[in-house]
Amino acid sequence: MTEDRPRNFIQQIIDRDNSTGKWGGRVHTRFPPEPNGYLHIGHAASICLNFGLAREFGGKFNLRFDDTNPAKEEAEFVESIERDVKWLGADWEGEFGGGLYFASDYFEQMYAYAVELIKKGKAYVCELTAEQTRECRGTLTEPGKPSPWRERPIEESLDLFARMKAGEFPDGSKTLRAKIDMASPNMNLRDPVMYRVQHATHHRTGDAWSIYPMYDWAHGLEDSIEGITHSICTLEFEDHRPLYDWYLDAINEGRGGTALGGPALRAGCEEEPETHGSESRATVWGPTIHHPQQIEFAKFLLNFVVLSKRNLIRLVQEGHVDGWDDPRMVTISGLRRRGVTPEAIRTLCEEVGVTKFNSVRDMVLLENAIRAHLNKVCPRRMAVLRPIRVVIENYPEGQVEEFEIPNNPEDESAGRRKVSFSRELYIERDDFMEDPPKKFFRLGPGREVRLRGAYWIRCESFSTNEAGEVVEVRCSYDPETRGGSNPPPDGEGKVRKVKGTLHWVSAAHAIKAEVRLFDRLFTTESPGKTTGDFVDDLNPDSVEVLGECKLEAALADRTLDEPEWVDGIRRFQFERLGYFCVDDDSTEAKPIFNRTVTLKDSWAKQAGK
RNA sequence: AGGGGAUUAGUGUAAUGGCAGCACGACUGAUUCUGGUUCAGUUAGUACAGGUUCGAAUCCCGUAUCCCCUGCCA
């Protein structure tokens with residue numbers, strides 16, 4: 001790898017594996033979501049990590065739905081997750097794609113492995129209730145007590161397990177448990193449940209199963225079957241790793257020969273499977289199965305948001321937001337609707353890196369990553385969000401000029417577009433002050449400013465309504481500043497200067513639009529931390545809808561100079577205001593734009609002081 | 001005497017016994033037809049205490065603090 005970037009600890013592990021030939025140079029990762037909710041930016045970090053490693057090392061990346069609990073899972077979530085993962089660019093079908101899988105497709109194989117463990121005396125059917133199981137488990141400081149069913153005959157467990165599968169027993173009446181160590185200081189090893197009875201309709205297998213595997217039992221098997229080399233998960237599973245390994249080792253006990261991870265999957269991999277002995281050692285249990293390495297990293301956390309699934313669901317269900325794809329949500333679909341690009345998210349994930357330390361990332365990092373990308377690729381446009389009318393008194397009535405304004409001052413290849421200018425215009429309300437302070441570089445009585453790409457104008461007078469609000473500003477323009485350029489020097493050779501440049505829209509040519517401004521959903525860094533309930537920290541002003549915005553005509557329809565966006569979302573920089581995109585709800589009759597993020601605003605910062 | 005993981009500028013992240021570096025932020029200044037962008041500069045750090053060593057962020061010992069673990073969730 002030709003990397004001058006620092007390498008994170010997972011890359012270093014893979015470097016080492018490759019140099020020792022542990023996996024024969026193979027790198028196979030996966031993203032294993034449970035389809036019980038929408039993906040958020042924290043998941044994006046995991047997706048970028050896993051897919052990024054597959055790409056970097058020329059390996060494969062699987063998308064696998066960990067659908068082992070029918071009570072919580074729905075097909076709707078499968079669809080949204082596929083869409084989001086694809087949008088992020090983690091293509092499970094492309095060059096580095098290993099494919100799309102469902103844990104539920106492995107249920108039969110998992111069942112067979114479970115039977116094997118019973119036969120080996122490593123698992124037993126337990127008839128304790130959930131509550132009794134809990135009581136027997138002990139506490140963090142006291143060992144547990146063995147289940148009375150722990151030493152029952154193998155044949156009995158085999159029979160009962162088959163009947164559990166056949167649906168003979170009610171929910172919660174029996175479990176299959178691994179026989180490990182009720183005194184282990186690691187709670188996960190105190191005879192964990194492998195299967196529970198659950199008569200539920202699964203979104204893919206329907207009513208075929210009345211028992212469902214638990215995460216710890218299922219997950220390693222899924223990884224094994226798919227030939228995953230590096231099974232990357234979050235820190236809270238560190239305590240589960242001994243169990244992950246125990247299950248795989250227990251299956252492999254008494255097995256021999258070639259390790260196989262899903263033959264179908266292996267067909268696409270060129271390297272030799274690892275060998276744990278000669279073929280002749282194969283036993284009644286069959287060949288050794290593949291045993292991936294679990295690696296844990298710290299979750300991606302962001303300040304000023306909530307990220308847990310439970311809390312996101314609450315925001316949606318209690319109506320604090322407008323659905324999973326509300327632009328204020330840090331769900332992938334919310335970010336997409338907000339106008340964020342996958343590139344920005346990928347850059348952010350790259351920048352923050354991967355560690356084992358639980359740290360909270362600053363929201364401004366996300367905002368900066370968005371600005372950095374959008375600044376390069378967005379065509380500039382002019383839009384007046386809170387218009388006030390400007391009349392150029394010395395500009396001929398009925399005259400219209402067209403100015404060609406660059407779409408991107410730093411990128412001539414972005415082209416130019418035509419903008420109409422006339423006697424009556426709109427400028428931003430914030431760009432005029434009756435009694436401006438000294439450092440205000442915009443319009444005020446007697447002051448002169450440049451209209452971007454058009455002319456310099458000077459404020460001659462203004463009028464207000466009964467409420468004292470400015471309703472109209474009357475100006476004169478200097479014909480010698482055409483195109484916005486400096487006027488010729490005066491008699492003494494001095495060139496007149498102007499401090500400010502304003503955006504503007506010709507009143508007669510403007511299109512009307514709705515623009516939605518978003519602010520942070522929460523007012524505090526860690527919502528709920530001091531109030532106890534994150535709902536109490538909701539920002540009441542997180543959305544502002546402006547219905548009377550005036551946009552330059554080029555924004556009406558997609559013009560030829562606009563870039564092609566792979567996700568089809570039109571994005572722009574509205575000069576001096578920020579980055580905006582066309583909302584899903586937008587129609588020709590009623591255009592709607594969302595503000596993705598503001599520009600940096602050092603004036604607002606200074607004015608706030 | 002429960003177990004596991006962690007701690008480096010304000011924030012995040014490198015340095016894997018050999019010059020503590022980078023990014024973001026903040027603050028200057030320059031450039032600019034966006035108070036944007038860009039450029040230059042300034043700022044500030046190894047949790048604490050002992051030890052090993054010519055030399056320690058790194059190894060050893062102790063302490064402190066934080067996170068995770070007692071679902072038939074994942």
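Letters go in sequence order (proteins before strands), and every chain restarts at 1.
- When side chains are defined from C-beta on, A:Met182 counts as touching A:Arg150, because their heavy atoms get closer than 4.5 Å.
- Distance noted for atom C1' between B:G45 and B:A23: 15 Å (whole Å).
- Within the 4.0 angstrom heavy-atom criterion, only backbone atoms of the sugar-phosphate kind lie near A:Pro213; the bases stay farther away.
- A cation-pi arrangement is found for A:Arg314 relative to A:Phe534, the charged atom lying closer than 6.0 Å to the ring centre and inside a 45° cone about the ring normal.
- For A:Phe440, the listed nucleotide lying nearest its side chain is B:G35; candidates were B:U37, B:U11, B:G35.
- Counting distance only, with no hydrogens placed and no angle test, the side-chain atoms of A:Arg380 and the base atoms of B:U34 include a donor-acceptor pair under 3.5 Å.
- A straight line from CD1 of A:Ile427 to C1' of B:U34 spans 15 Å, rounded to a whole angstrom.
- Residue A:Ser602 is in sugar-phosphate contact alone, with no base atom involved, counting any heavy-atom pair closer than 4.0 Å across all strands shown.
- The nearest whole Å value for the distance from the CG atom in A:Leu599 to the C1' atom in B:U32 is 14 Å.
- For A:Tyr38, the side chain to side chain donor-acceptor pair (under 3.5 Å) partners at least two apart in sequence or on another chain are A:Glu76.
- Qualifying side-chain contact (heavy atoms from CB on, under 4.5 Å) partners for A:His40, counting only residues two or more places apart in sequence or in other chains: A:His43, A:Leu307, A:Leu312.
- Taking 4.5 Å as the limit, some side-chain heavy atom of A:Cys126 sits within range of a side-chain heavy atom of A:Arg177.
- Between A:Gly484 and A:Tyr215, the one whose closest nucleotide on RNA chain B sits nearer the 5' end is A:Gly484.
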Taking protein heavy atoms under 4.0 Å as touching, what does nucleotides 13-19 of chain B look like 5' to 3' if B marks base contact, S marks sugar-phosphate-only contact and - marks none?
SSSB---
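- Taking only distance into account, the side chain of A:Arg371 never meets the base of B:G36 through a donor-acceptor pair shorter than 3.5 Å.
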Taking it one step at a time, do A:Arg137 and A:Asp191 satisfy salt bridge (charged side-chain N to carboxylate O under 4.0 Å, His left out)?
CA-CA 8 Å; A:Arg137 189 153 27 230; A:Asp191 286 15; over 6 Å; no
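- In this structure, of B:G35, B:U34, B:G4, it is B:G4 that holds the atom nearest to the side chain of A:Glu238.
- Among residues two or more places apart in sequence or in another chain, the side-chain contact (heavy atoms from CB on, under 4.5 Å) test is passed with A:Phe357 by A:Thr355, A:Ser359.
- B:G5 and B:U42 have their C1' atoms separated by 38 Å, with the value rounded to a whole Å.
- Atom C1' of B:U65 sits at a distance of 16 Å from the matching atom of B:U8, rounded to the whole Å.
- Comparing the same atom, C1', in B:A44 and in B:A26 gives a spacing of 10 Å after rounding to whole Å.
- Using a 4.0 Å heavy-atom criterion, one finds that A:Val360 contacts the sugar-phosphate atoms exclusively.
- Comparing B:C54 with B:A49, their P atoms are spaced 23 Å from each other, to the whole Å.
- Residue A:Leu140 has its side chain nearest to B:U70 when only B:U34, B:U70, B:G35 are considered.
- A salt bridge links A:Asp478 and A:Arg496; the closest N-O separation between the charged side-chain nitrogens and carboxylate oxygens is under 4.0 Å.
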With both pairing distances under 3.5 angstrom for Watson-Crick or G-U wobble, and | for a partner in another strand, the correct string for RNA chain B is .((((((..((((....[..))))((((((.......))))))...((.((..]....)).)))))))).....
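- Nearest nucleotide to the A:Val364 side chain, out of B:G35, B:C24, B:C69: B:C24.
- Using a 4.0 Å heavy-atom criterion, one finds that A:Lys439 contacts the bases of the nucleic acid, with or without backbone contacts as well.
- Of the candidates B:C67, B:C72, B:G36, the closest approach to any side-chain atom of A:Pro409 belongs to B:G36.
- Of the residues in residues 448-458 of chain A, those lying under 4.0 Å from RNA chain B by heavy-atom distance are A:Arg450, A:Arg452, A:Gly453.
- Under the 6.0 Å distance and 45° angle rule, A:Lys165 counts as a cation-pi partner of A:Tyr111.
- When the P atom is used for both B:C59 and B:A47, the distance is 12 Å, rounded to whole Å.
- Residue A:Leu128 is classed as a base contact, given a heavy-atom separation below 4.0 Å to a base.
- Separating the NZ atom of A:Lys497 from the P atom of B:G35 is a distance of 17 Å, rounded to the nearest angstrom.
- Heavy atoms only, all atoms of each residue included: A:Cys233 and A:Arg30 are closest at N-NH2, 4.2 Å.
- Look at CZ on A:Phe574: it is 14 Å from C1' on B:U34, rounded to the nearest Å.
- Residue-to-nucleotide proximity on RNA chain B shows that, of A:Gly138 and A:Phe237, the 5′-proximal contact is made by A:Gly138.
- Using a cutoff of 4.0 Å between basic side-chain nitrogens and carboxylate oxygens, A:Glu412 and A:Arg416 are scored as salt-bridged.
- For A:Met187, taking side-chain heavy atoms from C-beta onward, the closest of the listed nucleotides B:C69, B:C72, B:U34 is B:C69.
- As a whole-Å value, the separation of A:Arg190 CZ from B:U70 C1' is 7 Å.
- Distance, A:Glu236 CD to B:C69 P: 8 Å, rounded to whole Å.
- Look at the C1' atom in both B:U43 and B:A9: the space between them is 9 Å, to the nearest Å.
- Using the six-membered ring where Trp is involved, A:His219 and A:Tyr244 have ring planes that are tilted, between 30° and 60° apart.
- Looking only at atom types and distance, the side chain of A:Gln573 has a donor-acceptor partner in the side chain of A:Tyr579 under 3.5 Å away.
- B:G71 adopts a syn glycosidic conformation, its chi angle falling within 90° of 0.
- In the set B:A74, B:G36, B:U70, the nucleotide with an atom closest to the side chain of A:Thr139 is B:U70.
- When heavy atoms are screened at a 4.0 angstrom cut-off, A:His240 is found touching base atoms of the nucleic acid.
- Side-chain to base pairing of A:Glu410 with B:G36: one donor and one acceptor N or O lie within less than 3.5 Å of each other.
- Counting any heavy atom pair closer than 4.0 Å across all strands shown, A:Leu365 reaches sugar-phosphate atoms only and no base atom.
- Using a 4.0 Å heavy-atom distance criterion, A:Thr68 is classed as a sugar-phosphate-only contact.
- Nucleotides B:G17 and B:C24, compared at atom P, are 29 Å apart to the nearest Å.
- Each of B:U37, B:G71, B:G35 was ranked by its minimum atom distance to the side chain of A:Lys600; first place goes to B:U37.
- Rounded to an integer number of Å, the gap from A:Leu301 CG to B:A6 P is 17 Å.
- For the pair A:Asn358 CG and B:C69 C1', the computed distance is 14 Å after rounding to whole Å.
- Below 30°, between 30° and 60°, or above 60°: for A:Phe574 and A:Phe580 the angle between ring planes is below 30°, a parallel geometry.
- For the pair A:Arg64 and A:Tyr101, the cation-pi test (distance below 6.0 Å, angle within 45°) is failed.
- For a distance-only test at 3.5 Å, the side chain of A:Asp239 qualifies as a donor-acceptor partner of the base of B:G3.
- Ring-plane geometry between A:His202 and A:Tyr212 is classed as parallel, the angle between the planes falling under 30 degrees on a 0 to 90 degree scale with a further cut at 60.
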